[in-house]
**Student:** 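This is the structure, below, for whatever I ask next.
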Amino acid sequence: MGYYCCSQIPFSSTSFIIKNSSLSGATQVPTKGFCQPRVSIHPPANSKPPPKTPTFATVQEDKGLIMEASDDKSKLRIPHVLTVAGSDSGSGAGIQADLKACAARGVYCSTVITAVTAQNTVGVQGVHTVPEEFVEQQLKSVLSDMHVDVVKTGMLPSIGIVKVLHQSLKRFPVRALVVDPVMVSTSGDVLAGPSILDGFRVDLLPLADIVTPNLKEASALLGGVQLETVNDMRSAAKAIHDMGPRNVLIKGGDLAASLDAIDVFFDGENFYELRSSRIKTRNTHGTGCTLASCIAAELAKGSSMLSAVKVAKRYVETALDYSKDIAVGNGMQGPFDHLLKLKSNVHNSWKPRAFDPDDLFLYAVTDSGMNKKWGRSITDAVKHAIEGGATIVQLREKDAETRDFLESAKVCVKICRSHGVPLLINDRIDIALACDADGVHVGQSDMPVTVARALLGPEKIIGVSCKTPEQAHRAWIDGADYIGCGGVFPTNTKANNITVGLEGLKDVCASSKLPVVAIGGIGASNARSVMEIGVPTLKGVAVVSALFDRESVSVETLKLHELLKKTALSVK
Ligand SMILES: Nc1ncnc2c1ncn2[C@@H]1O[C@H](COP(=O)(O)OP(=O)(O)OP(=O)(O)O)[C@@H](O)[C@H]1O
Ligand SMILES: Cc1ncc(CO)c(N)n1
Ligand SMILES: [Mg+2]
């Protein structure tokens, strides 16, 4: 990820687990064949709220999908939000923001488009309303076929559209309704005129589980009262709650810029001030749509309302912070990046290059004990190995403190990157993620390759230690990029490690579909014999002591590099 796209419709599902979930206050209507009851839109708020009974969703944890206890037990279903909103050609708000927010939160999102807007970072240049009959047709297509958990509404440009939505929700009840009463864009352009207010008051708010107006929209719903302070927001939340929605969230994005970003949540009993720091950025276009979609997504996963709102607010804050410097368009209000990776350097121009098996040629593995013995830092060890011609580096710092290790690893990443040499971390997926290393190397009893892959994503390099053809086969099936085979010879760096010898190495290389690097007791005296086994999958040697348990790392690396080059020529 790293490119802004105006037409792409993202979809992703990530893992999540639901147990004992409860949706605050929605009326539950038991439906035959579902262990997770379908819940109808609740009655007006002046009728007594039903007791909060937890709903239960059976979960297949490894897939992260809700499993319905329907007749067909093999059917997996992912939480589903339907957004009923307008399209924003600039993709910062509207349908496009909803799709991205749901994708980022791991929820399926279907779409009913109510209007098409010609819109960019400058403002709204045109609005084309979809005829209400066609909105109705879209609603029917989705709701009659798919199991929608939560409906979220955005731009509803005509009273007729509000009416058909109301009818459709009566006909096809869902578990929760999130209403974002979109009226005016931040650029000041009207997206739904005042005639819509009656539609909200009469038809939608009494059905809503939550309504999320910004300051201007709250003011419009209340007939134009001024809202400038947090106290005003509280009074507004209470007054809007009286119109029927179960919960109200007044968004304070438009409060004075000197203040924190404060939203007021009211559940009919208690007020909550939800605060986050105000991110200094022009890229706030679509925060409202995103917040409402994220609330809907969390509800679809089974969160309570308050926790859904808190998660959504934190998500928006993190996404804004992460995107504060991105530049899309020339106007005053830029979009932000929903599919953030929560990493500081994704927007760098640096792009990981694809793994090249020839990188395994001279594989330097650091060792904290040896570095200590010779009085060198990890970073000096890495620098010198690269100077001598190491083609890939692995940090294997078994007894370093995590915080120190991370700091050194970050510096090593910079050094390696500036020389085009991949840097891997031994065992520690957390460190690899935190320093954005090129990948990891894991042993047979470390984290499984499949789990490491899920955490690291498709681009990172994963190597795995294997002693047998069976382990090598497994590594290939599990999606590793290379295997390390050994120990070939006895070594001090791994006490009690069974050696496989040159024969064992040959067997593994001959059967492996992945490139192999030989490891264990290899140095200048025996590297030639290793490379001479002559199996094409063997791409190089990994070395610890022969480089790092020496006075000059660069000199030893250079010597070994020369020797390997000569051997490679003679083996060919
Ligand atoms: N600069 C900011 N820093 C942090 N949070 C912000 C900032 N601006 C808005 N927010 C938060 O984003 C969410 C959306 O609020 P906002 O008032 O911007 O909605 P909105 O006007 O409907 O947005 P839009 O119409 O652009 O989609 C709220 O939780 C708000 O506190
Ligand atoms: C289509 C659309 N929906 C909602 C908003 C509010 O941000 C917008 N600007 N455009
Ligand atoms: Mg808004």
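Counting starts at 1 for both ligands and their atoms, in listed order. No experiment lies behind these values; they were computed from the predicted model shown.
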**Student:** Is it the side chain (CB and beyond), the backbone, both or neither of Ile95 that lies under 4.0 Å from ligand 2, heavy atoms counted?
**Tutor:**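 Within the 4.0 Å criterion, Ile95 makes no contact with ligand 2.
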
**Student:** Are the charged groups of Arg403 and Glu401 less than 4.0 angstrom apart, N to O?
**Tutor:**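 Looking at Arg403 and Glu401, the cut-off is not met.
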
**Student:** Taking distance alone, with no angle check, do Leu291 and ligand 1 share an N/O pair under 3.5 Å?
**Tutor:**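 In fact, backbone or side chain, Leu291 has no N or O that close.
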
**Student:** As a check for students: among Leu249, Asp263, Leu215, identify the option with a heavy atom nearest to atom 31 (O) of ligand 1.
**Tutor:**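 It is Asp263 that holds the nearest heavy atom.
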
**Student:** Considering the options Leu156, Asp98, Thr111, Leu169, which one meets the side-chain contact (heavy atoms from CB on, under 4.5 Å) requirement together with Val84?
**Tutor:**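 With Val84 as partner, Leu156, Asp98, Thr111, Leu169 yield a single side-chain contact (heavy atoms from CB on, under 4.5 Å), made by Leu156.
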
**Student:** Over 60° means perpendicular and under 30° means parallel, so classify the ring planes of His241 and Phe266, tilted if in between.
**Tutor:**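 Ring orientation of Phe266 relative to His241: perpendicular.
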
**Student:** Determine whether the side chains of Thr229 and Asp232 contain a donor N or O and an acceptor N or O closer than 3.5 Å.
**Tutor:**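 Their side chains do contain a donor-acceptor pair, which is all the 3.5 Å distance test asks for.
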
**Student:** Counting only heavy atoms, which portion of Val316 has something under 4.0 Å from ligand 1: side chain, backbone, both, or neither?
**Tutor:**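 It is the side chain that gets close, since no backbone atom is under 4.0 Å.
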
**Student:** Would you check the N or O atoms of Gln119, main chain and side chain alike, for any that come under 3.5 Å of an N or O of ligand 2?
**Tutor:**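 Yes: some nitrogen or oxygen of Gln119 is under 3.5 Å from one in ligand 2.
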
**Student:** Short list, please: which atoms of ligand 2 are under 4.0 Å from a heavy atom of Val182?
**Tutor:**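 Numbered from 1, ligand 2 contributes 4 (C).
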
**Student:** Below the 3.5 angstrom mark, is there an N/O of Lys251, backbone or side chain, next to an N/O of ligand 1?
**Tutor:**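 N/O-N/O distance below 3.5 Å exists for this pair.
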
**Student:** Among Ala85, Gly94, Ser185, whose heavy atom sits nearest atom 3 (N) of ligand 2?
**Tutor:**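 It is Gly94 that holds the nearest heavy atom.
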
**Student:** Quick one, Lys251 and Thr287 - any side-chain contact, counting heavy atoms below 4.5 Å?
**Tutor:**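 Of all side-chain heavy-atom pairs linking Thr287 with Lys251, none is under 4.5 Å.
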
**Student:** Run the contact test for Ala93 against ligand 1 with a 4.0 Å cut-off on heavy atoms, strictly below, and give the result.
**Tutor:**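 Contact check Ala93 vs ligand 1: negative.
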
**Student:** Atoms of ligand 1 less than 4.0 Å from Ala261 heavy atoms?
**Tutor:**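 Those atoms are 4 (C), 5 (N), 6 (C), 31 (O).
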
**Student:** Looking at Gly86, which atoms of ligand 2 are within less than 4.0 Å of one of its heavy atoms?
**Tutor:**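 Counting atoms of ligand 2 from 1, those under 4.0 Å from Gly86 are 1 (C).
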
**Student:** Would Thr281 count as a polar contact of ligand 1, with the cut-off being nitrogen or oxygen pairs under 3.5 Å?
**Tutor:**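 Such a contact does not occur with ligand 1.
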
**Student:** Closer than 4.0 angstrom: is that true for some heavy atom of Ser87 and an atom of ligand 2?
**Tutor:**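 Per 4.0 Å heavy-atom rule, Ser87 contacts ligand 2.
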
**Student:** Testing Ser304, Ser293, Ser303, Pro79 for side-chain contact (heavy atoms from CB on, under 4.5 Å) with Glu298, which one passes?
**Tutor:**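 Output: one option passes, namely Ser303.
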
**Student:** Using a 4.0 Å cut-off to any heavy atom of His285, which atoms of ligand 2 qualify?
**Tutor:**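 So the atoms of ligand 2 that pass are 9 (N).
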
**Student:** Is there a polar contact, in the sense of an N or O pair closer than 3.5 Å, between Asn214 and ligand 1?
**Tutor:**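 It does: an N or O of Asn214 is found under 3.5 Å from an N or O of ligand 1.
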
**Student:** How far apart are the closest heavy atoms of Ala101 and His338, and which atoms are they?
**Tutor:**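 Shortest heavy-atom separation between Ala101 and His338 comes out as N-CD2, 3.9 Å.
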
**Student:** Closest heavy-atom contact between Lys152 and Ala296?
**Tutor:**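 Minimum heavy-atom contact is CB-CB, 4.0 Å.
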
**Student:** In terms of side-chain geometry, is the basic nitrogen of Lys414 or Asp436 positioned less than 4.0 Å from the acidic oxygen of its partner?
**Tutor:**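 Looking at Asp436 together with Lys414, the answer is no, because their closest N to O distance does not fall below 4.0 Å.
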
**Student:** I'd like to know if Lys170 and Asp203 make a salt bridge, using a cut-off of under 4.0 Å between side-chain N and carboxylate O.
**Tutor:**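 No.
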
**Student:** Consider every N or O of Gly252 and every N or O of ligand 1, then say whether any pair is closer than 3.5 Å.
**Tutor:**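 No; every N/O pair is 3.5 Å or more apart.
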
**Student:** Could you check whether any heavy atom of Glu317 sits closer than 4.0 Å to an atom of ligand 1, since that is the contact criterion I want to use?
**Tutor:**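 In this structure, Glu317 fails to qualify as a contact of ligand 1 - no heavy atom is under 4.0 Å.
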
**Student:** Examine the proximity of ligand 1 to Lys313 and report which part, side chain or backbone, both or neither, has a heavy atom under 4.0 Å away.
**Tutor:**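 It is the side chain that gets close, since no backbone atom is under 4.0 Å.
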
**Student:** Can Arg428 be said to sit on top of Phe405's aromatic six-ring, NZ or CZ under 6.0 Å from centre and within 45° of the ring axis?
**Tutor:**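 Checked: cation-pi criterion not met.
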
**Student:** Does ligand 2 have any atom that is closer than 4.0 Å to a heavy atom of Cys289?
**Tutor:**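 Contact present.
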
**Student:** Any idea which atoms of ligand 1 are less than 4.0 Å away from a heavy-atom of Ser277?
**Tutor:**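 Contacts of ligand 1 toward Ser277, numbered from 1: 3 (N), 4 (C).
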
**Student:** Is Asn270 atom CG crowded by more than 12 heavy atoms from other residues, nucleotides or ligands, each under 6.0 Å away?
**Tutor:**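 It does: Asn270 CG has more than 12 such atoms within range.
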
**Student:** Within the 4.0 Å heavy-atom shell around Leu320, which atoms of ligand 1 are there?
**Tutor:**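 Close to Leu320: 2 (C), 3 (N), 4 (C), 5 (N), 6 (C), 7 (C).
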
**Student:** Determine, using heavy atoms of Ala97 and all atoms of ligand 1, whether some pair is separated by less than 4.0 Å.
**Tutor:**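 Ala97 does not count as a contact of ligand 1 under the 4.0 Å cut-off.
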
**Student:** Should Lys301 and Asp149 count as an ion pair when the cut-off is N to O under 4.0 Å?
**Tutor:**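 Asp149 and Lys301: not salt-bridged.
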
